[in-house]
Amino acid sequence: MSRPKVAFFDFTSCEGCQLTVLDALQTHPELLDAVEIVQFREAMSEKGEDYLIAFVEGSLARPADEERLRGIREKAGILVALGSCAHIGGVNAIRNRQPLEKVRKHVYGEKWEWFDAYEARPASAAVKVDFFIPGCPIDRSEFLEVVTALLLGRQPKIRDYPLCVECKLKENVCLYDKGKSCLGPIIRAGCGAICPTYGDGCEGCRGLITNPNINAAEDVLKEHGLSVKEIMAQMDMFGTYQMMEMEGVGHD
Amino acid sequence: MTNVSVNVHHLTRVEGHGNIIVDVRNGELKECRLEIVESPRFFEAMLLGKPYQQASHITSRICGICAVGHATTSLRTSERALGVEPSQQTVLLRKLNFFGEIIDSHVLHTYMLVAPDFFGVGSVIPLAKTHTDVVLRALRIKKLSGDLCAMIGGRHTHPIALCVGGFTHLPNESELRAMRKRLVDARRDMDETVALFKTLDWPQFERETEYVSLTKSDEYAFIDGQIKTSDGFLYDLDAYRQVTNEKIVPHSTAKHASHNRESYMVGALARVNNNFDQLHPQAKDAAAQLGLEPICYNSFLNSAAQIVEMVHSVEESIRTIDELLARGIKPEEPVEVEVKECTGVGSCDVPRGILFHDYEIGDDGLITGANCVIPTGQNYANMEADMRALVPQILDRPEPEITLMMEMLIRAYDPCISCSTHFLEVEFVG
Amino acid sequence: MSLKIIPKEKMGEFVANMMGAYRVVGPRQKEHQYVFGPIENLDELHLDYNTTILPPKKYLLPQHESLFKFNADTFDAELTIDDQPTVILGVHTCDLHAIQLLDQVFQRDHLDQHYMARRENTILIGIECLEPCDDHSFCKSMGTLTPPTGCYDLHLTDIGDSYAVDVETEKGAWLVVRHAEARDADDEDYKRINNILSEKWPRFPYKLDFDVGELPALMSVSQKSPLWQQLGEICLACGSCTNVCPTCYCFDMRDKVGLSLTDGYRERFWDSCQLDEFALVAGGHDFRPSRAARQRHRFFRKGKYQTDAYGLLGCVGCGRCGRACLVEITPVTTFNELYRQRTGGVR
Amino acid sequence: MVSSIYLPEPARILDVQQMTALEKLFTLEFFGGRSLGHQSGQFVTVSALGIGEAPISISSSPSRSNGTFELCIRKAGDLTGVLHQKKAGDTLGIRGPFGQGFPLKKFQGKDILFAPGGLGLAPARSVINQVLDERGKYGRVTILYGARTPAELLFKGELEEWDKRDDVDLHVTVDQPDDDWTGNAGVITTLFSKVSVYPRNTVAITIGPPVMYRFVLMELLGKGIPETSIWLSLERRMKCGVGKCGHCQINDLYACQSGPSFSYAEIKAVEGAI
Ligand SMILES: Cc1cc2nc3c(=O)[nH]c(=O)nc-3n(C[C@H](O)[C@H](O)[C@H](O)COP(=O)(O)OP(=O)(O)OC[C@H]3O[C@@H](n4cnc5c(N)ncnc54)[C@H](O)[C@@H]3O)c2cc1C
Ligand code: SF4
Ligand code: SF4
Ligand code: SF4
């Protein structure tokens with residue numbers, strides 16, 4: 001079987017997801033026998049333009065990004081959003097809560113117009129995304145699972161149930177039992193509940209499950225003493241774009 | 001005589017997006033600049049209104065490679081603002097974590113991003129076939145450092161357990177012992193790394209400049225300390241703006257910085273130049289083998305300085321684990337914080353150089369102002385100055401070679417472009 | 001079968017000896033709570049624990065388990081049966097009752113060889129609860145405050161300076177003969193045990209407002225209770241209630257293969273009726289689409305279906321689900337509310 | 001030797017026929033030569049190792065087995081998608097037969113009314129052919145079959161055969177006819193006016209998607225057929241096929257154990273069954 005060609009692209013991001021891919025190569029060097037990497041700017045100079053699978057990291061942060069992404073979409077048979085930024089806008093979208101001009105002026109002062117920018121958004125805001133791998137950063141084994149599924153011609157199965165499931169299986173003491181808070185009940189599992197396992201509440205990097213009971217979750221947070229501002233800050237760390245969509249606030 | 005046009009669009013094997021533009025007409029350097037085309041990130045704006053506890057988690061997302069550096073700097077900034085003194089155990093664990101990140105970042109840079117240039121290939125992937133042992137060694141060191149970071153923070157990229165006042169999770173002693181053993185075994189890999197890099201033919205190029213780093217009286221500084229420059233200046237952290245003097249330039253979403261001269265350099269070479277005496281003896285030995293001697297003005301040798309720091313970090317990690325084991329790991333809760341209106345500056349010398357965070361926190365614990373000055377941003381002016389100095393020296397070479405040299409020069413800085421595109425509280429010069 | 005006495009100072013030796021011959025698992029501390037885990041030295045064992053986050057079920061029906069390995073190209077398949085000899089030490093009586101139900105489920109009709117191989121190689125050592133573990137448990141109401149006969153091998157009761165050991169099976173008897181320094185109980189011991197057991201009884205409260213025997217009938221008439229809708233409103237569908245439950249055993253299966261795409265295994269793993277896709281079929285029809293319907297299903301399994309099918313209650317009153325539930329849905333309040341709706345609370 | 005109820009047994013694909021755009025008919029035979037030994041209305045689970053496993057009704061009649069059996073599989077997702085790429089000579093894994101078939105003995109002497117819709121003809125075909133092979137044991141045989149479009153009609157060859165028989169009354173309809181369609185147009189319930197039954201001596205067997213049941217049941221009950229004489233087959237998500245995994249539970253019934261064939265009387269009071 002010939003190895004399918006894959007390419008990696010990055011938009012606005014910390015490139016931590018691509019680093020996780022490099023880490024996956026440490027533990028699974030056989031990945032290089034399974035696929036042919038034709039573009040990976042962060043790690044190689046070669047640039048192949050013929051690819052079947054495009055992994056796209058990062059949010060769109062300015063209009064010019066969309067054009068580039070559309071170009072990638074046209075060439076790719078399968079487009080996979082890699083990580084929180086590309087999947088749900090990620091931390092980049094935090095700034096969307098403030099007026100764009102204010103943000104730009106805050107950053108670049110009078111020269112704010114020198115640097116183009118618009119509200120940060122996920123890849124799916126501009127093109128059709130076939131699959132996504134959630135997380136900030138992505139989970140290494142989930143990445144390998146997705147690649148394996150794509151090679152097998154199987155739909156990658158990204159979990160669509162709350163993190164609490166995995167957290168319970170890890171037998172963690174629930175953070176709410178320790179007087180802390182956590183977004184686990186409404187956030188997609190798949191990371192092995194790594195944050196609660198390391199003593200910190202889930203921050204929601206993998207995005208909301210399909211049917212979250214947000215009202216009930218907010219009540220839980222309130223009952224555990226969080227102010228409305230603090231609840232907003234929690235929900236908005238990775239979820240600003242998703243939350244604003246649910247609130248029906250526009251992005252253009 | 002010559003016309004040279006170098007236009008490297010989207011520099012590869014660096015973190016983030018940058019372009020190199022060189023234009024020489026009739027032997028005269030018309031244009032020579034590094035364009036930062038990464039889209040602006042606005043992290044400082046993002047921190048506004050966020051609880052200070054979230055700041056380290058948000059700012060670690062500035063960079064996937066030096067996430068521990070950003071997180072630690074952020075924690076130190078909040079702690080210094082709020083007047084929190086972490087325990088000795090916390091200090092030791094943070095140091096250990098930091099060594100892990102130094103090793104991780106430096107091995108990635110030297111082996112996977114820089115070395116391919118010397119082997120004449122476009123990436124580390126073909127090396128897997130031709131130099132299997134080299135690649136396997138790199139992967140082994142990378143895995144070790146990644147596991148070291150994960151043992152403390154839960155994962156390397158975007159650590160979890162680090163919080164204001166301490167940790168939300170502690171490694172246990174048997175994990176520390178197992179890690180110690182692996183670090184001891186890694187000494188051989190360090191020896192072989194030094195042996196490999198000393199055979200590389202570093203480009204001969206020198207340009208005098210100013211080197212800026214943290215410094216401490218009692219140790220080779222990575223976390224906290226004072227700001228030291230090779231031109232003989234010493235500042236407290238709060239005075240960081242006197243050093244950074246950032247200005248906006250039109251061709252870059254990142255800001256340029258200058259202190260005593262038109263530019264200065266930060267990073268491994270700056271640290272080694274400024275704090276050479278405090279390196280572990282093993283690291284000094286490595287420096288000697290690599291021909292690195294302070295004060296070294298060859299920017300290409302920044303990669304050699306990184307190897308020296310890797311050796312230092314392996315040795316210091318072992319020593320730190322010994323100290324932790326001798327004390328025994330105590331189950332500690334993070335130090336309690338009394339929230340008040342306050343401001344503070346924190347700094348770490350992260351893999352790519354000195355990093356500053358500066359926060360204002362309101363009495364409700366929400367951040368009301370933030371500034372982050374990132375190492376790569378401080379290096380831009382110096383990179384361009386180097387480019388301007390280097391081009392005339394190599395004009396007689398064929399264009400592809402000039403291009404490669406320019407790329408290698410920029411890569412030597414290990415630029416983290418994505419993290420340098422940030423907001424600066426601007427006093428405009430540009 | 002018989003009653004033996006092991007002095008507490010000899011317990012360490014007993015456990016250490018067993019550790020030589022078996023994997024020994026028991027309650028260990030995790031932060032301020034407890035979990036069942038491998039006991040490698042005696043300090044780790046906390047027989048006086050209140051309850052564990054997950055029940056000991058995880059050693060009989062692991063969260064993830066390979067059923068068979070395969071080569072997808074050649075169709076070679078090899079069974080994987082995990083039957084490592086294991087002693088589960090310190091199982092509370094409620095959890096023993098739950099295991100009794102699992103034994104029925106996995107033996108009845110189609111024998112599940114994977115479960116049974118493990119079960120047959122597992123020695124269960126129960127421990128008598130002398131104090132209620134916390135506000136959530138309601139074992140007395142469910143009739144699980146004493147061990148179920150035939151399900152355990154040994155059962156310990158703390159009688160002060162010693163443990164009284166109720167030897168129930170040949171396996172248990174052999175374990176004592178082989179590894180413990182025990183003596184036969186005498187009249188004095190019987191008296192002590194008697195006192196301890198009768199003194200313990202009033203310390204445990206009844207939590208249900210009605211007799212548990214009425215529960216299946218109560219459920220039958222509660223299909224249309226408005227309570228389900230109310231629970232559906234607040235339920236997070238996080239699955240915690242079923243994941244911590246000792247009597248829940250629903251599972252899913254999937255194939256795992258490596259990047260070679262040929263070698264792999266079929267894995268069985270825990271599933272939960274509270275999760276979205278549990279009852280979804282091809283074509284997109286979901287037979288239990290609402291959180292209300294799922295909560296109802298869960299409580300019907302606890303209160304009626306399992307009793308109808310296996311003659312054993314589907315809830316053993318361990319209280320774990322109530323403890324784990326962030327919106328405080330508990331069997332006690334649910335069953336009592338259904339009872340109140342039926343009778344106005346009058347017995 | 002230890003065995004396992006979860007271990008599939010390899011079976012060889014003897015033949016694959018494309019029936020419609022989405023459905024293929026697979027003929028299989030066990031390597032060991034054992035015959036499946038099923039009853040009409042039962043199902044097996046089919047595995048492609050590395051992809052997964054799914055429950056599939058047995059579409060062939062026990063009366064025509066000669067060591068082989070047939071499965072009609074619709075491409076609906078991962079596993080079924082991969083099954084559709086398999087060819088004669090490939091190997092699949094089979095467990096089963098599982099579940100309760102239709103109690104044909106009880107139906108002897110009765111008139112039988114089949115009302116399958118869509119893919120429901122796949123399992124229904126097993127019973128129909130068994131009844132036709134033992135034709136003498138039953139009274140009148142009526143088949144009402146509905147599909148969405150002419151292109152989606154399954155087992156077209158057999159439909160023609162049945163149509164030709166004097167002892168079978170066949171009516172076919174499609175929801176959305178095309179230009180060439182000359183038959184009945186409309187949902188399956190529009191066929192009921194075309195047949196007359198003697199309700200007390202009629203057994204009705206209906207198999208189809210959930211939406212269809214509600215309307216077909218109304219027709220059948222409206223004709224006066226007793227609840228105990230109306231049979232259907234319920235599809236649920238299933239993982240184990242042996243009453244353990246919990247997925248197919250409908251209140252206290254496990255579709256894989258007590259079903260998938262049920263009489264309406266058994267399930268009419270069961271909330272959520274239909
Ligand atoms: C008793 C019974 C008899 C059946 N007979 C036939 C038949 O004769 N021919 C036929 O084509 N199909 C039949 N099915 C349906 C068939 O089982 C599903 O189409 C198949 O499981 C889909 O698997 P997949 O891997 O291709 O789809 P997936 O990729 O797993 O998923 C596609 C869709 O199928 C659903 N699904 C997943 N697993 C199951 C499951 N175990 N049961 C039902 N839906 C599921 C998913 O929720 C999803 O919506 C029958 C189902 C049952 C329960
Ligand atoms: S810690 Fe978070 S994820 Fe874990 S059970 Fe509690 S709420 Fe759920
Ligand atoms: S626990 Fe939450 S924030 Fe942490 S990795 Fe998982 S989904 Fe992301
Ligand atoms: S339903 Fe709740 S109380 Fe009952 S056995 Fe399960 S976890 Fe324990």
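Every chain is numbered from 1, with letters handed out A, B, ... down the list of sequences.
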Residues in residues 263-272 of chain C that sit under 4.5 Å from chain A, counting heavy atoms only: C:Trp270

Any chance NZ of C:Lys69 has more than 12 other-residue heavy atoms, nucleotides or ligands included, within less than 6.0 Å? no

Chain C interface, residue from A:Val35, A:Ile214, A:Leu163, A:Asp177 that has the most non-hydrogen pairs under 4.5 Å: A:Asp177

Quick check on C:Val244 against chain A: is it the side chain, the backbone, both or neither that has a heavy atom closer than 4.5 Å? side chain

Neighbour count above 12 (heavy atom, 6.0 Å) for C:Asp135 CG: no

In Å, rounded to the nearest 0.5 Å, how long is the span from CD of A:Glu166 to CD of C:Gln63? 10.5 Å

Here the gap from A:Cys174 atom SG to C:Leu326 atom CG, rounded to the nearest 0.5 Å, amounts to 5.0 Å

Quick one: CG on A:Leu151 to CG on C:Leu259, what's the gap to the nearest 0.5 Å? 7.0 Å

Region of C:Gln274 in contact with chain A, defined by heavy-atom distances below 4.5 Å: neither

Side chain, backbone, both or neither: which part of A:Asn172 has a heavy atom under 4.5 Å from chain C? both

Counting heavy-atom pairs under 4.5 angstrom with chain C, the leader among A:His28, A:Lys168, A:Arg154 is A:Lys168

Would you mind checking if C:Lys30 and A:Glu171 are paired as a salt bridge, meaning a charged N to carboxylate O distance below 4.0 Å? no

Where does C:Leu275 contact chain A at under 4.5 Å (heavy atoms): side chain, backbone, both or neither? side chain

Between chain A and each of C:Glu277, C:His64, C:Lys58, count heavy-atom pairs under 4.5 Å; write down the option with the most. C:Lys58

Mind listing the closest non-hydrogen atom pair of C:Leu236 and A:Pro162 along with its distance? O-CG, 4.4 Å

Could you please state which residues from residues 194-211 of chain A sit under 4.5 angstrom from chain C, measuring non-hydrogen atom to non-hydrogen atom, sorted by number, or 'none'? A:Asn211

Based on non-hydrogen pairs under 4.5 Å, which of A:Glu30, A:His224, A:Lys157 is most in contact with chain C? A:Glu30

C:Gly232 versus A:Asn213, closest heavy-atom pair with distance: O-ND2, 4.2 Å

For chain C, which of A:Leu152, A:Leu169, A:Val220 has the most heavy-atom pairs under 4.5 Å? A:Leu169

Counting heavy atoms not belonging to C:Glu328, are there more than 12 under 6.0 Å from its CD? no

Which residues, numbered in order, of residues 139-149 of chain A come under 4.5 angstrom of chain C by heavy-atom distance? A:Leu144, A:Glu145, A:Val147, A:Thr148

Interface residues of residues 245-256 of chain C facing chain A - heavy atom cut-off under 4.5 Å: C:Arg254, C:Asp255, C:Lys256

Side chain, backbone, both or neither: which part of C:Phe278 has an atom under 4.5 Å from a heavy atom of chain A? neither

